[in-house]
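Chain A is the first sequence line, chain B the second, and so forth, proteins listed ahead of strands; every chain is numbered from 1. A quick note: this is a predicted structure, and the numbers were derived from the prediction, not measured.
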Amino acid sequence: MSDTTASESAAPAASPRRDFIREMVADDVVAGRFGRAPSTRFPPEPNGFLHMGHAKSICLNFGIAQEFGGTCNLRFDDTNPFTEDVKYVESIKRDVQWLGFQWDGEYYASDYFEQLYEFAERLVHNGRAYVDSQNEDEIRAGRGTVTSAGVAGPHRNRSVEENLDLLRRMRVGEFADGAHVLRAKANLAHPNMIMRDPLLMRIRHAHHYRRGNDWCLYPLYDFAHGLSDAIEGITRSLCTLEFKDNREIYDWLLHEVGFDNPPRQTEFARLELDYTVLSKRKLLRLVNEGHVSGWDDPRMPTIAGLRRRGVRPEAIRAFCDVIGVARKDARVEIATFEHAIRDDLNTLVPRVLCVLQPLKVVLTNYPEGQVEQMEASSYPPDNARSETRLVPFTRELFVDRDDFMEDPPKKFFRLAPGKEVRLRFGYLITCQDVVKNDAGDVIELRCTYDPATRSGNAPDGRKVQGTIHWVSATESLPCEVRLYDRLFSQADPDAVSEGSDFISALNPESLVVMHGRIEPSVASDAVGTRYQFERTGYFMSDEVSTANALVFNRIVSLRDSWAKEVKKG
RNA sequence: UGCCCCUUAGCUCAACUGGCAGAGCGUCUGACUCUGAAUCAGAAGGUUCCAGGUUCGAAACCUGGAGGGGCAACCA
């Protein structure tokens with residue numbers, strides 16, 4: 001299960017979910033609207049790692065292609081040479097595949113530069129675009145404000161010949177960055193700001209990770225995106241809500257360039273998740289400022305981070321399916337995601353005993369030196385799988401500190417002075433004595449075991465309420481356990497007081513490292529093996545884990561109704 | 001302040017397009033249990049943002065308003 005490159009499983013072809021986009025695509029098919037099969041695309045800019053927000057878009061775009069027998073392309077929207085890198089292309093491809101999807105075509109907007117340039121000449125030729133030689137500030141000023149119309153700049157009425165001449169010279173690199181830009185000749189008084197002669201191409205003498213230095217006239221998003229969609233024969237161009245206003249220029253350009261049956265843009269709400277941030281800009285800051293160990297830090301909401309943490313693509317897909325897609329801003333509770341993760345792992349992974357905070361227990365009436373191998377089922381009774389393993393039982397054990405209280409409240413079902421509990425797959429034991437150090441800390445429990453209860457039950461029929469996990473003090477293995485928690489301590493990390501930003505909302509305890517003890521059966525398991533540590537949570541051995549230095553990541557905790565009880569007081 | 005979008009249970013979404021407002025998650029009970037997990041059963045939770053209007057009938061249609069969000073990068 002150390003699989004990190006290929007997908008762990010292909011995504012299922014059918015989803016029962018029907019959202020407004022799927023309704024629309026279904027209608028396209030019935031109406032024969034585009035004269036071609038539904039075709040979508042996932043169009044990331046290779047300037048960062050993919051995260052949960054992208055996962056939603058990926059599941060949508062690829063899901064529709066699968067469900068309707070259409071196609072979905074992977075297209076890199078790499079029109080900005082300043083920010084993009086091949087390392088991001090590689091990580092994106094890997095992540096999409098890992099999520100269980102395979103694209104039909106792999107395309108790059110940067111491969112369309114020549115074609116887009118031809119479109120630009122066509123627009124100029126038809127009087128629909130012009131070269132503007134104002135500087136950035138002048139252009140901004142000329143665009144007006146949301147309440148006042150813009151005014152035409154001095155170059156708006158250049159002749160077609162002059163525009164064409166300038167454009168050609170822009171292309172061959174005659175001008176410095178910013179000397180000229182190509183603008184659509186739309187409407188400077190348009191109530192939609194996007195339509196006030198948007199910039200189409202700008203000069204950038206920069207190294208592009210794919211085009212090198214051979215190109216210096218780069219298309220902007222509005223110019224590149226819709227036309228790229230049209231080139232690829234996309235039918236439905238799905239994007240997030242903030243591009244709503246851009247749809248007007250999208251349609252305008254497709255019409256002016258002259259595409260028949262052009263693709264149509266439809267917007268849906270981007271994903272927001274409680275206690276985390278989902279924006280490349282913010283995630284990049286977390287990485288650059290060292291708040292996390294990298295893009296694949298297991299606390300990151302990136303696909304790489306979730307993968308390293310141990311979340312399976314199935315869980316991510318199930319989550320995306322259950323949250324659906326709609327047109328209103330959506331902030332999802334992490335509980336929804338955690339449920340999807342547990343639900344995916346529950347029937348799948350073996351149980352194992354691991355003590356996170358070891359507290360020594362000595363069974364005073366248990367023979368010294370004796371080792372009993374207890375047969376333990378690796379899956380619960382409601383699971384079809386029935387594997388077992390042996391867990392060594394000895395006179396000295398460790399239990400979790402949380403499972404002992406010297407002065408317990410009424411409903412505490414675990415170990416306490418004079419109380420009897422069951423050791424999972426072991427005997428019933430009773431706490432007889434508490435040993436403390438000079439500081440008054442409990443350092444050892446002296447207990448007795450009932451030799452007649454090896455089955456886990458008492459022959460006399462007496463009941464114990466609690467069952468706790470344990471490990472042999474002498475036969476268990478030391479291990480490092482990394483407990484990951486939410487990265488931020490407030491649901492909306494951006495909702496911080498004036499003057500501070502989301503960084504101030506970071507949860508200082510998002511990573512807690514424990515030094516625990518685990519049953520020896522896991523010693524030779526491959527890196528990347530997932531388990532449920534009984535009564536604790538789901539874990540995966542980290543890529544740095546070795547037989548001599550075991551390291552586990554907590555994927556997600558188990559639901560804990562006792563913790564809720566304690567919280568209630 | 002101009003244009004655009006959104007508003008249904010705590011959260012995310014449904015409601016076959018005008019016909020008894022539902023589901024998943026969460027919460028709370030209970031059953032079961034050698035995981036305080038899982039599973040199972042049940043419950044609570046709604047002025048469908050508000051006010052008018054149309055209609056036999058409105059979550060849906062119309063008008064007005066409120067609240068939230070987007071747009072004035074040579075980012076995407």
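There is a side-chain donor-acceptor pair under 3.5 Å between A:Tyr112 and A:Glu232. Residues A:Ser378 and A:Arg385 have side chains that never bring a donor and an acceptor to within less than 3.5 angstrom of each other. No side-chain donor-acceptor contact under 3.5 Å links A:Glu333 and A:Tyr275. A side-chain donor-acceptor contact under 3.5 Å links A:Ser237 and A:Asp229.
Here A:Ser148 does not reach the OP1 or OP2 of B:U1: none of its side-chain N or O atoms lies under 4.0 Å away. A sub-4.0 Å separation between OP1 or OP2 of B:A76 and a side-chain N or O of A:Arg270 is absent. For the OP1/OP2 pair of B:A37 and a distance below 4.0 Å, the side-chain nitrogens and oxygens of A:Thr536 include no atom meeting the criterion. Within the structure, every side-chain polar atom (N or O) of A:Arg327 is placed at least 4.0 Å from both OP1 and OP2 of B:C13. Contact check, A:Arg281 against B:A73: no side-chain N or O comes under 4.0 Å of OP1 or OP2. A:His339 has a side-chain polar atom (N or O) that falls below the 4.0 Å cut-off from OP1 or OP2 of B:C25.
Atom CG of A:Asn187 and atom C1' of B:C3 are 12 Å apart (whole Å). In this structure, CZ of A:Arg22 is placed 13 Å from C1' of B:C13, rounded to the nearest angstrom. One atom, CG of A:Leu188, and another, P of B:G2, lie 20 Å apart when rounded to the nearest Å. In this entry the distance linking CZ of A:Arg331 with C1' of B:U7 reads 17 Å, nearest Å. Atoms CZ (A:Arg183) and P (B:A73) sit 11 Å apart, rounded to a whole Å. Rounded to a whole Å, the CD atom of A:Glu420 is 15 Å from the P atom of B:C34. Atom pair A:Ile249:CD1 and B:A76:C1' shows a separation of 16 Å (rounding to whole Å applied). When rounded to the nearest whole Å, the span between CG of A:Asn246 and P of B:A73 equals 13 Å.
The side chain of A:Lys328 lies closest to B:U8 when the candidates are B:C34, B:U8, B:A76. Checking B:C75, B:C34, B:C4 against every side-chain atom of A:Arg422, the shortest atom distance belongs to B:C34. Side chain of A:Arg202, nearest nucleotide from B:G26, B:A76, B:G36: B:A76. Taking the side chain of A:Asp329 as heavy atoms from C-beta on, and the options B:G69, B:U39, B:C71, the nearest nucleotide is B:G69. Between B:G36, B:U12, B:A76, one nucleotide has an atom nearer to the side chain of A:Leu220 than all others, and that is B:A76. Each of B:C25, B:U35, B:A72 was ranked by its minimum atom distance to the side chain of A:Val146; first place goes to B:A72. Across B:A37, B:C75, B:C34, the shortest atom-to-atom separation from the side chain of A:Arg424 is found for B:C34. The listed nucleotides are B:U12, B:A76, B:A38; the one nearest the side chain of A:Ala330 is B:U12. Of the candidate nucleotides B:U35, B:C25, B:A38, B:C25 has the atom lying nearest to any side-chain atom of A:Glu333. Comparing B:G70, B:U35, B:A72 by their closest approach to the side chain of A:Asp245 singles out B:G70.
In summary, the aromatic rings of A:Phe425 and A:Trp470 are positioned with their centroids too far apart to meet the 6.0 Å limit. Aromatic pair A:Phe552/A:Phe539: ring centres not closer than 6.0 Å. Side-chain rings of A:Tyr221 and A:Phe243 approach one another, their centers coming within less than 6.0 Å. The aromatic ring centres of A:Phe268 and A:Phe20 sit 6.0 Å or more apart.
Put simply, A:Tyr221 does not rest on the base of B:A76: the two rings are not both less than 5.5 Å apart at their centres and under 30° in tilt.
The base of B:G36 has none of its N or O atoms less than 3.5 Å from a complementary donor or acceptor on the side chain of A:Arg559.
Straight-line distance between the C1' atoms of B:C28 and B:G67: roughly 31 Å, to the nearest whole Å. Spacing between B:U8 and B:G2 at atom P, rounded to whole Å, works out to 26 Å. With both ends at atom C1', the span from B:U63 to B:C16 equals 29 Å, rounded to whole Å.
Ring geometry for A:His225 against A:Tyr250 counts as tilted: the plane angle lies between 30° and 60°, on a 0 to 90° scale.
Residues A:Leu423 and A:Ile194 each lie close to RNA chain B; by heavy-atom proximity, the contact nearer the 5' end of the strand is made by A:Leu423. Across the interface with RNA chain B, nearest-nucleotide mapping of A:Gly426 and A:Asp343 shows A:Gly426 to be the residue nearer the 5′ end.
Residue-level contact check: A:Asn135 touches the bases, meaning some heavy atom is under 4.0 Å from a base atom. Residue contacts shown for A:Lys411 include a base, since a base heavy atom lies under 4.0 Å away. As judged by a 4.0 angstrom heavy-atom cut-off over every strand, A:Phe243 is placed among the base-contacting residues.
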Dot-bracket for RNA chain B, 5' to 3', Watson-Crick and G-U pairs with both distances under 3.5 Å, [ ] for crossing pairs, | for partner on another strand, reads .((((((..((((.....[..)))).(((((.......))))).....(((((..]....))))))))))).....

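The glycosidic torsion of B:A43 lies more than 90° away from 0, placing the base in the anti range.
At a threshold of 4.5 Å between non-hydrogen side-chain atoms, the residues A:Tyr531 and A:Tyr538 do not count as touching.
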